[in-house]
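Following: one structure in structure tokens, then a few remarks.
Below, read A as the first sequence line, B as the second, and so on, with proteins coming before strands; counting in each chain starts at 1.
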Amino acid sequence: MIKAVRGTRDLLPPETALWNFVESAARDVFRAYNFQEIRTPIFEETQLFARSVGEETDIVSKEMYTWEDGGGSADQELLDAWLRTHFREVTKLVQPQEFPTAGRSQRTRYGPSVQVEWNGSWTLVRARYGAKNQDLRHLVQHGNAWREMHGGKPVSLLLVTARGSVPEAFTTIARTMGIVVDELELRVEAPQFLTLRPENTAGVVRAYIEHNLENRGLNKLFYIGPQFRRERPQKGRYRQFYQIGAEIIGPRHSGSDKPLRDAEILEMLDTLLRRLGIRNPTLHLNSVGCAADRAVYNEALRAALAPVVIQMCADCQRRAVTNPLRVFDCKVPGDQPIIEKLPLIKNYLDKDCQEHFDNVKALLRAAGVSFIPNDRLVRGLDYYSRTAFEFTHGALGAQNAILGGGRYDGLSESLGGPPAPGIGFAMGEDRLVLALQDQTPTILGGPDAFIAPIGEGMNREAIKLAKELREKKVIVELGDRSFRLKKLLETASKVGARYAIIVGEDETNADIFKVKDLITGEQISVPRAELPQKLQSGRSQGRSS
RNA sequence: GUGGGAGUAGCUCAACUGGCAGAGCACCGGACUGUGGCUCCGGUUGUUGCGGGUUCGAUUCCCGUCUCCCACCCCA
């Protein structure tokens, strides 16, 4: 039997009613704040996410669905031929899996890579279809490890590019590291590397740049849709998951960088969560400063950790090296005294960032939105700056965060666009629905009426009547006369119809139908013209469809 | 990716140390051929997740694998 693949699932009625409830409440609220919908493609060029989310983040390095689209095979042949010509004395080939930097990140490779040993020196051959800054960053970060792996032998880098153009700066910096860069231009069609979107902000910013949305001034955009991450599934965490998010983005002169926008979006979220009926939504708020502040802070944090890290738990020792900010997430009691003495980002904010943060807080107080300043709140994605926030709700333990977001003032530039400060959030719809299910039972309305035709030819009358009623916005389920009346009424109550309409020969001739109330059991006769009004009067208030 | 738990009817779950695979709910038919719910009678519930092994015999024991759940990693 074919089953839904791991980490994906079907959303079935009646649960889908709850999803629709959440989405329409969100649309309503967004409308009131003048947000408009944007729909971006479900897959994008891999580079978009690598550059915005951050190449070294877990999302990009191991959790994306990436594949090669088009091209590819022909250039691999050319590359093989080139290798045979230029490395006649090839002594060893190292497959990508064996690279020192490979491991988990290999899943997101950008092109065929192979290492060749020749005359006692090593060459890393990477076909990356146009060397960009990512290659350089990668080289700087891993160049030394790479050399060490080969016992200090000389190493060189051969970039195989489909479109030529290795930036000069790239070659220069590589040379200072003792790495020689050669370039081979293959005139073949380059394959594209595509990725199912792991989040939607990058796509929105890409669209902003591509369509010059800066000309519209301040853009207030929202999206609702599926995202994809190749994580280990867990409750409320799926490989295809749904996010509802919104962004305020625009050129600086539109005021998109102002604290007012931070406050507006946070107040909107508070309103939305309350509208949805989330109990005790709690806003955790912090400022992570700008890029420069964070670099300084990161160093300070590393310096502070260095002497004490040895006393901490194994996880923290690892975090201290890979991602010091995450040390703050540690829950081991023994580590807490150490963590409490670590430097906090708030002491490293420059004047503008501090002022921005103070303003946001003042505006929130004015708007009556309560919040908890949280010095330890950090965001994992590279593009965040200044305001960072998270909403949690009372229950649900470790997974009580239902949305997160923040400001991303430099993102557009890093994607090659104009300056476009922005702030946004993304809400995990799966978890939100889960939380709502915990606190309220699903309500699903049945049809207003069930038409029960009895006797020869009555199906024709029934379908006619059904069309007539449906045009008048009556929700109608249609029965089939080949079943006995007993069966029809049974079905009518099973589907949750409020009324059953009996359509027989006598009724049709007189144009007066018997209408049975399936809750009270009462039965009355209603002239055809009065049917719509009578049937709709039975609607209960809890009806959600 | 790591560690732990669980997979038996559509659903919720039984089956003592290895001995004919069961109950409730739901579903279908009838009692009742133009009047549902209640009641009564009858019926199907099935590759015990999948594959292999041990055994006269495996839902049960062993190995592999898949999926889900929980925790970790990480995180909107």
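No hydrogens or angles were tested; on distance alone, a donor-acceptor pair under 3.5 Å links the side chain of Glu507(A) to the base of rG34(B). With hydrogens and angles left out, the side chain of Arg6(A) and the base of rC68(B) share no donor-acceptor pair within 3.5 Å. Contact of Arg237(A) with rC74(B) (side chain to base): a donor-acceptor pair of N or O atoms is detected under 3.5 Å. At a cut-off of 3.5 angstrom, counting only N and O atoms as typed in the model, there is no donor on one side facing an acceptor on the other between the side-chain of Lys3(A) and the base of rG49(B).
OP1 or OP2 of rG30(B) has not a single side-chain nitrogen or oxygen of Lys487(A) nearer than 4.0 Å. At rG30(B), one or more side-chain N or O atoms of Arg484(A) fall inside 4.0 Å of OP1 or OP2 (strictly under the cut-off). Between Gln234(A) and rC70(B), a side-chain N or O to OP1/OP2 separation shorter than 4.0 Å is absent.
Going from the C1' atom of rU2(B) to that of rC13(B) covers 32 Å, rounded to whole Å. As rounded to the nearest Å, rA9(B) and rU60(B) have P atoms that lie 15 Å from one another. rG4(B) sits 32 Å from rG10(B) when the P atoms are compared, rounded to a whole Å. Separating the P atom of rC28(B) from that of rG36(B) is a span of 16 Å, rounded to the nearest Å. A gap of 25 Å separates the C1' atoms of rG64(B) and rA71(B), to the nearest Å. On the P atoms, rU17(B) is 42 Å away from rC74(B), given to the nearest whole Å. On the P atoms, rU44(B) is 15 Å away from rA21(B), given to the nearest whole Å. rA23(B) and rG46(B): their P atoms are spaced 14 Å apart (whole Å).
Taking the charged nitrogens against the carboxylate oxygens, Lys220(A) and Glu247(A) have no contact shorter than 4.0 Å, which rules out a salt bridge. Comment: Asp511(A) engages Arg528(A) in a salt bridge, judged by a side-chain N to carboxylate O separation of less than 4.0 angstrom. Taking a cutoff of 4.0 Å between a charged side-chain nitrogen and a carboxylate oxygen, Glu490(A) and Lys487(A) do not qualify as a salt bridge. Between Asp262(A) and Arg407(A) there is a salt bridge, since a side-chain N of the basic residue sits under 4.0 Å from a carboxylate O of the acidic one.
Across all strands shown, Ile519(A) has heavy atoms under 4.0 Å from base atoms, whether or not it also approaches the sugar-phosphate. Here Gly404(A) lies in heavy-atom contact (under 4.0 Å) with sugar-phosphate atoms only. Contact annotation for Leu485(A): base contact, defined as any heavy-atom pair under 4.0 Å involving a base atom. Among the protein residues, Asp517(A) comes within range of the nucleic acid bases, having at least one heavy atom under 4.0 Å from a base atom. Within the nucleic acid shown, Gly7(A) comes within 4.0 Å of sugar-phosphate atoms alone, with no base atom in reach, counting heavy atoms only.
Using the Watson-Crick or G-U wobble rule with both distances under 3.5 Å, rA23(B) pairs with rU12(B). Remark: rU55(B) base-pairs with no nucleotide in the shown strands. Criterion, Watson-Crick or G-U wobble with two distances under 3.5 Å. The partner of rU65(B), taking Watson-Crick or G-U wobble pairs whose two distances both stay under 3.5 Å, is rG49(B). When both pairing distances are held under 3.5 Å, rU33(B) makes no Watson-Crick or G-U pair with any nucleotide shown. Across all strands shown, rC72(B) forms a Watson-Crick or G-U wobble pair, both distances under 3.5 Å, with rG1(B).
The distance between atom CD of Glu477(A) and atom P of rG36(B), rounded to the nearest whole Å, is 20 Å. If you measure from atom CD of Glu231(A) to atom C1' of rC68(B), you get 16 Å, rounded to the nearest angstrom. In this structure, Arg239(A) places its CZ atom 11 Å from C1' of rU67(B), rounding to the nearest Å.
Environment of CD1 in Ile463(A): sparse, with no more than 12 heavy atoms of neighbouring residues, nucleotides or ligands closer than 6.0 Å.
Projected onto RNA chain B by closest heavy-atom contact, Ala4(A) and Ile502(A) fall at different nucleotides, the more 5' of which corresponds to Ile502(A). Nearest-nucleotide positions on RNA chain B for Glu390(A) and Gly521(A) put Gly521(A) closer to the 5' end.
Closest to the side chain of Arg229(A), from the set rC75(B), rA71(B), rU35(B), is rC75(B).
The six-membered or imidazole ring of Phe222(A) lies near that of Phe30(A), with a centre-to-centre distance under 6.0 Å.
Within the cation-pi definition used here (under 6.0 Å to the ring centroid, within 45° of the axis), Arg9(A) qualifies as a partner of Tyr238(A).
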